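This structure is a prediction, so every number in the text was calculated from the model and none was measured.
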Amino acid sequence: MGSLIRVKQRRAGVLVSLPSIVSEHSFECGDIYSLYPLCDWARDIGFSIIQLLPLNDTGYGYSPYSAISAFAIDPLYISLYKLGLPNQSRKKEIRTLHNHPNRIRNEKIKCIREYYDSHQKAALKEAVDFLDKQPWCYSYGTFRVLYETYEGKNWWEWPKEFQNPLAAKDFIFSERREEVMFWVYLQKIAYDQLSAVKVHLEDKGIYLKGDMPILTARNSCDVWEHPEYFYMDLQAGAPPDHFSQSGQTWGFPVLNWDVLQKNHYSWWKDRLTYLEHFFHLYRIDHVIGMYRIWAIPREDKTALKGWFHPQFGIETSEFLKAGIDPKSMEAKGLIHEFKPNHYIFYWDFWKEESYQSLPEETKTKLFPLSQLHITEEEKHWREAGEAILEIFESFSSMVPCAEDLGSVPSFIRDSLFERQMIGIDVVRWTRSFATGEYIDEDHYRENAISVLSTHDTSLVMDWWKNEGDLESNLQFFFDRVGKPRPESENQILEGLLEFVFQTKSIFCIQLFQDLALGVPDVLQNPEKHRINYPGTPDHSNWTYRFPILIEEFALDFQRNFTLRKLVHSSGRN
């Protein structure tokens with residue numbers, strides 16, 4: 001645990017979407033090699049954390065939060081240069097802001113395949129050794145071969161015999177051994193390259209932070225192999241809020257924590273143990289989901305008919321005691337029997353016409369039932385979430401950081417505070433509960449990471465120009481500290497960076513694009529440099545590519561000088 005002590009001090013860092021950071025030695029998109037020049041630049045500035053978005057294999061998809069394996073690294077990130085293969089990008093300069101991950105991945109796999117075929121004996125031995133050490137590769141390799149064979153089709157649409165993982169593994173490892181061992185070999189290379197980066201960064205005094213998605217794609221190796229770890233008839237999402245009237249449906253199956261617990265959380269333990277080969281810290285995606293998650297019937301298109309899972313619910317006997325027949329209320333679309341003799345109330349059920357038209361006397365009996373077990377439920381959720389986080393901390397010495405954005409109920413906020421979990425504070429949303437005004441630097445949570453943007457938001461310059469109330473922003477970020485009002489985009493960005501660096505938060509980790517002082521296109525057209533628009537089709541996201549090679553970006557004296565000054569004056573170096 002010694003490393004924990006060292007990490008937990010005032011630090012600054014950068015968050016990158018790895019494929020967006022193209023290096024002189026990359027092949028068309030950023031890869032594991034890109035982390036070397038990025039590390040040199042970060043060290044020069046005084047940054048001591050590099051944070052990555054998930055690197056999991058996305059198959060034919062795009063979002064790393066919807067991967068086909070909770071373990072496997074996407075072959076897209078393998079560095080051909082580090083393998084000693086001469087294939088370089090066809091273009092010396094970056095022409096467009098978008099990668100084509102599927103095309104690039106296929107090209108890379110073709111190059112590595114030729115290399116593998118010409119070094120077959122040695123390569124096969126490496127793959128076999130790796131398979132012995134990482135047994136998850138048996139199911140991943142099998143799944144990957146079948147996924148390719150059936151062109152990304154859902155595993156439940158495969159021939160019957162391949163829907164059974166045991167039979168499928170036996171068949172693939174005996175009948176298509178050469179092919180499956182190649183997929184294992186790709187994982188071996190990715191493992192070697194990424195674990196070497198961790199060691200290199202340690203030598204330079206930089207910590208690498210990874211990302212662990214909480215949910216797993218339905219069409220993934222993990223769900224195929226262990227459907228018992230999931231409620232297959234449910235999907236996760238988020239309840240309605242001021243961002244979305246009908247809530248969000250994500251399509252991922254809901255975790256079955258009871259079964260996971262009976263297995264001593266071995267799946268999570270294996271995941272965390274694997275991640276620790278590469279990272280010093282990790283982000284727990286959607287930490288609220290460790291306590292409870294919004295569960296919706298699998299076939300629903302909106303999140304309105306969901307409930308917080310797991311829930312006790314209201315028993316039939318409790319309705320009858322109040323003189324209400326639950327079946328009649330279910331027929332009116334106000335409640336739902338989610339397990340025998342246990343009902344949940346729908347979100348905002350009291351706004352429904354069928355509720356409004358009930359006799360006052362019935363409403364007086366019905367409404368209190370919806371509140372019946374809230375205190376017990378919250379106590380139960382809190383205990384369950386804390387038990388899970390406790391287990392996670394025992395599995396690894398990586399420093400966990402909680403993604404606690406969105407509407408976090410007070411019992412979860414209190415729990416995370418007492419557990420001293422590092423949270424995240426996005427400047428544009430960090431306001432006083434009492435007045436709704438921005439809070440100043442000194443009132444930020446110490447145990448948090450302060451950021452201007454995330455991979456799911458607009459860039460800070462886009463927010464400044466198009467989303468915030470400009471006058472109150474100017475008053476708070478410039479007038480309040482007696483700074484002249486900014487005349488250029490560069491001055492605006494510099495002022496916002498100065499603010500976020502000065503916050504009390506232990507870490508200050510900024511999205512790479514928000515550090516692009518002096519890059520005209522990022523400052524003037526920030527909307528073009530965004531990574532992801534949640535709730536929009538997969539293929540229009542996750543393909544972003546920064547317009548300048550990292551080596552060239554690192555040479556800008558003025559930008560480096562400004563950032564170095566910010567790091568130094570905020571005591572984060």
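Judged as a side chain to side chain contact (heavy atoms under 4.5 Å, CB included), and not counting sequence neighbours, the contacts of E551 are S23, E24, Y33, P37, L549. For E376, there are no salt bridge (Lys or Arg N to Asp or Glu O under 4.0 Å) partners two or more places apart in sequence or in a different chain. Residues forming a side chain to side chain contact (heavy atoms under 4.5 Å, CB included) with A12 (at least two apart in sequence, or on another chain): F47, F501, V567, R572. Checked against side chain to side chain donor-acceptor pair (under 3.5 Å), E202 has the following partners two or more places apart in sequence or in another chain: H280. For R419, the salt bridge (Lys or Arg N to Asp or Glu O under 4.0 Å) test picks out E390, E393, with sequence neighbours left out. For L555, there are no side chain to side chain contact (heavy atoms under 4.5 Å, CB included) partners two or more places apart in sequence or in a different chain. For D521, the salt bridge (Lys or Arg N to Asp or Glu O under 4.0 Å) partners are K528, not counting sequence neighbours. The side chain to side chain contact (heavy atoms under 4.5 Å, CB included) check on E378 picks up I374, W381, F411, with sequence neighbours excluded. Residues satisfying the salt bridge (Lys or Arg N to Asp or Glu O under 4.0 Å) criterion with D404, sequence neighbours excluded, are R445.
Using modelled atom types, no side-chain atom of T249 and backbone atom of G251 make a donor-acceptor pair closer than 3.5 Å. Counting only distance, with no hydrogens or angles, the side chain of Q510 and the backbone of L452 share a donor-acceptor pair below 3.5 Å. Using modelled atom types, one side-chain atom of N447 and one backbone atom of Q420 make a donor-acceptor pair closer than 3.5 Å. Although no hydrogens or angles enter the test, the distance criterion places no donor-acceptor pair under 3.5 Å between the side chain of T457 and the main chain of S453. Side chain of S220 to main chain of T216: no donor-acceptor pair is present (N/O by atom type, distance under 3.5 Å, no hydrogens or angles). Between the side chain of S472 and the backbone N or O of D469, at least one donor-acceptor pair lies under 3.5 Å. Using modelled atom types, no side-chain atom of K332 and backbone atom of L358 make a donor-acceptor pair closer than 3.5 Å. Under the 3.5 Å distance criterion, the side-chain polar atoms of T536 are matched with a main-chain donor or acceptor of Y533. No side-chain donor-acceptor contact under 3.5 Å links D425 to the backbone of S450. Checking side-chain atoms of T503 against main-chain N and O of V500 turns up a donor-acceptor pair under 3.5 Å.
Counting non-hydrogen atoms of other residues, nucleotides and ligands closer than 6.0 Å to CZ of F367 gives a total above 12. Counting non-hydrogen atoms of other residues, nucleotides and ligands closer than 6.0 Å to NE2 of H568 gives a total of 12 or fewer. Open room surrounds CD on E487; 12 or fewer heavy atoms of other groups in view lie less than 6.0 Å from it. Applying the 6.0 Å contact sphere to CZ of F312 captures more than 12 heavy atoms from other residues, nucleotides or ligands. Under a cut-off of 6.0 angstrom, the local environment of NZ in K483 is crowded, with over 12 non-hydrogen atoms contributed by other residues, nucleotides or ligands.
In summary, E418 and R382 engage in a salt bridge, as defined by a charged side-chain N under 4.0 Å from a carboxylate O. Look at D285 and R283 and you find a salt bridge, because one of the NZ, NE, NH1 or NH2 atoms lies within 4.0 Å of a carboxylate O, short of that distance. Salt bridge annotation for R480-E441: present, with a cationic side-chain nitrogen under 4.0 angstrom from a carboxylate oxygen. Taking a cutoff of 4.0 Å between a charged side-chain nitrogen and a carboxylate oxygen, K465 and E527 do not qualify as a salt bridge.
Listed by first and then second residue, the side-chain hydrogen bond (donor to acceptor under 3.5 Å, both in side chains) pairs that reach into residues 301-310 come to none, sequence neighbours excluded. Listed by first and then second residue, the side-chain hydrogen bond (donor to acceptor under 3.5 Å, both in side chains) pairs involving residues 41-58 are R11-S48, W41-N560, D44-R564, Q51-K209, D57-Y140, D57-R144, T58-D74, T58-R105 (not counting sequence neighbours).
To the nearest 0.5 Å, atoms SG (C401) and CG (L281) are separated by 5.0 Å.
Aromatic ring centres of Y355 and F345 lie farther apart than the 6.0 Å criterion allows. Taking the centre of each ring, H98 and Y544 stay at or above the 6.0 Å mark. Taking the ring centroids of Y438 and H443, they lie at or beyond the 6.0 Å cut-off. Side-chain rings of F279 and Y207 stay apart, their centers remaining 6.0 Å or farther from each other.
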Step-by-step side chain to side chain donor-acceptor pair (under 3.5 Å) determination, E276 to S397: CA-CA 8 Å; E276 194 166 359; S397 63; 2.6 Å; yes
Derivation and outcome, side chain to side chain donor-acceptor pair (under 3.5 Å), residues E471 and Q475: CA-CA 6 Å; E471 190 50 38; Q475 284 172 16; 3.2 Å; yes
Y65 vs H455, ring pair (Phe, Tyr, Trp, His ring centres under 6.0 Å): CA-CA, chis, key distance, verdict: CA-CA 12 Å; Y65 291 96; H455 65 270; 5.1 Å; yes
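Between F546 and F553, the two ring planes are perpendicular [angle over 60°; tilted spans 30° to 60°]. Between W268 and F392, the two ring planes are tilted [angle within 30° to 60°]. Taking the six-membered ring for Trp and thresholds of 30 and 60 degrees, F499 and F477 have ring planes more than 60 degrees apart, a perpendicular arrangement.
Side-chain contact annotation: E467 with S458, donor-acceptor N/O pair under 3.5 Å present.
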Atom pairs and distances, donor-acceptor, side-chain atoms in residues 288-296, under 3.5 Å, two or more places apart:
{"from": "Y291", "atom 1": "OH", "to": "S415", "atom 2": "OG", "distance (Å)": "2.7"}
{"from": "W294", "atom 1": "NE1", "to": "A303", "atom 2": "O", "distance (Å)": "2.9"}

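Closest heavy-atom contact between R545 and E28: NH1-O, 2.8 Å.
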